[in-house]
Number of protein chains: 2
Amino acid sequence: MSHGIAIGKVSEATGVKVPTIRYYEQIGLLPAPPRTEGNRRTYDLKDNERLTFIRHSRELGFDIDKIRTLLLLQDRPDQSCQDADTIAKSHLVEVKEKIASLTALQHELERMVVGCSHGRVETCRVIEILADHGKCKHHQHQHQHQHQHCPPSLPMAQI
Amino acid sequence: MSHGIAIGKVSEATGVKVPTIRYYEQIGLLPAPPRTEGNRRTYDLKDNERLTFIRHSRELGFDIDKIRTLLLLQDRPDQSCQDADTIAKSHLVEVKEKIASLTALQHELERMVVGCSHGRVETCRVIEILADHGKCKHHQHQHQHQHQHCPPSLPMAQI
DNA sequence: CTTGCTCCTACAGTGGCTAGAGGATGTACG
DNA sequence: CGTACATCCTCTAGCCACTGTAGGAGCAAG
């Protein structure tokens, strides 16, 4: 009869995995919910919405810090939305840059694969291009600035 | 007079940072070089080439495990290059998928930003779209399979 | 009552590095 | 020869956003 939602149900409803929900609570992104007698977390519809918001933001590539700001903004509907707009815009710029880099990368990979004679490694264009950066047409990926957290000194990793 | 290259010089020559070179040695990607009397690493031209190979591969988004395979292939020039070709091809597929996802994402972000009335949060399209996934045109990012290491259960993070 | 599912905490591990402490070594200049 | 400074060494911890595991407790159905 209690209308508290168990963590598994919220997980199912929002698509956020159970350990991830607990992690979000731990880092203060999601408020700690009340517990049952048996010490189990009980969520309500607002938590559900908040988690949906978080998941969608993550899917769109916003990092936790930006999501924190966006959540604060959501909580105060009377304020200006300029901050949210700014965050979205700068994120859009980043996404566009990534697409440009990836497209250059795609062309280089295509050149590699097409150039492969399917013979011995000795004459393999794939290995050759990897070994000698001079044979690479698109050098742009060397110089792109990189201010993300993921792999600091490597420019194009885990695209 | 000795022709051993110091770690700093190799770093400068290859563009791989000093701690990263030591890290590559630690994980067995680069062989441990001989040392001087004073316990300093001394590299030669082959190490330099190997590091260039590694760096370029990383720039192209290959992960360490794939680079390990590619390096093994490079060391045996008499073998078939089919493996290298396969690795490059599957990587190309991944890159193309990422570009498709990012392009969809770009459109969604553009819709968000364009739709923002620059008024109050209450009527802000950015916040609205983030909160309600139903208003999202491109649902494809929900279902993309994701077999990379970087952020396991989050589909589109650090694009 | 037992089976099996969900839940709890706490801690370790992922990838690919980076940063810092605390010390040794090498070199250029006076 | 001394000294200042750059470069090197090892070791450990930290980054992000989680994921996985161990070891146990709670709860509903058969």
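Given the structure is predicted, the values throughout are model-derived calculations rather than measurements. In what follows, chains are A, B, ... by sequence order, proteins preceding strands, each numbered from 1.
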For residues Pro31(A) and Lys46(A), determine if any side-chain heavy atom of one lies less than 4.5 Å from a side-chain heavy atom of the other. no
What string of B, S and - do you get for nucleotides 3-11 of chain D 5' to 3' if you count protein non-hydrogen atoms under 4.0 Å? ----BSSB-
Flag side-chain contact, heavy atom, 4.5 Å: Met112(B) against His91(A): no
Check: Arg55(A) side chain, Gly15(A) main-chain N or O, donor-acceptor pair, under 3.5 Å: no
Atom-to-atom span, CZ of Phe62(B) to P of dG15(C) - whole angstrom: 18 Å
Do Thr42(B) side-chain atoms and Pro34(B) backbone N/O form a donor-acceptor pair below 3.5 Å? yes
Write down the distance between CZ (Arg68(A)) and P (dC16(D)), rounded to a whole number of angstrom. 10 Å
Could you tell me how far apart Asp65(B) (CG) and dG15(C) (C1') are, to the nearest whole angstrom? 11 Å
Is the shortest side-chain N/O distance from Tyr24(A) to OP1 or OP2 of dC18(D) below 4.0 Å? yes
Atom CD of Glu37(B) and atom C1' of dA24(C): how far apart are they, to the nearest Å? 14 Å
Give the rounded distance in Å between these two atoms: CG of Leu30(A) and C1' of dA17(D). 15 Å
Length of the CG-C1' vector between Leu51(A) and dA17(D), whole Å: 15 Å
For residues Arg40(A) and Ile7(A), determine if any side-chain heavy atom of one lies less than 4.5 Å from a side-chain heavy atom of the other. no
Where the side chain of Asp44(A) meets the backbone of Asp47(A), is there a donor-acceptor pair that is under 3.5 Å apart? yes
Between Lys98(A) and Glu94(A), does the salt bridge (charged side-chain N to carboxylate O under 4.0 Å, His left out) criterion hold? Intermediate values first, please. CA-CA 6 Å; Lys98(A) 288 278 178 187; Glu94(A) 279 172 33; over 6 Å; no
Between protein and nucleotides 11-13 of chain C, what N or O pairs are separated by less than 3.5 Å?
none

Does a side-chain heavy-atom distance below 4.5 Å link Asp85(B) with Cys124(A)? no
Do Glu25(A) and Pro33(A) make a side-chain contact, defined as non-hydrogen atoms from C-beta onward lying under 4.5 Å apart? yes
Once you round it to whole Å, what is the distance between P of dC18(D) and CD of Glu25(A)? 15 Å
Whole angstroms only, please: what is the CG-P distance between Leu29(B) and dG15(C)? 13 Å
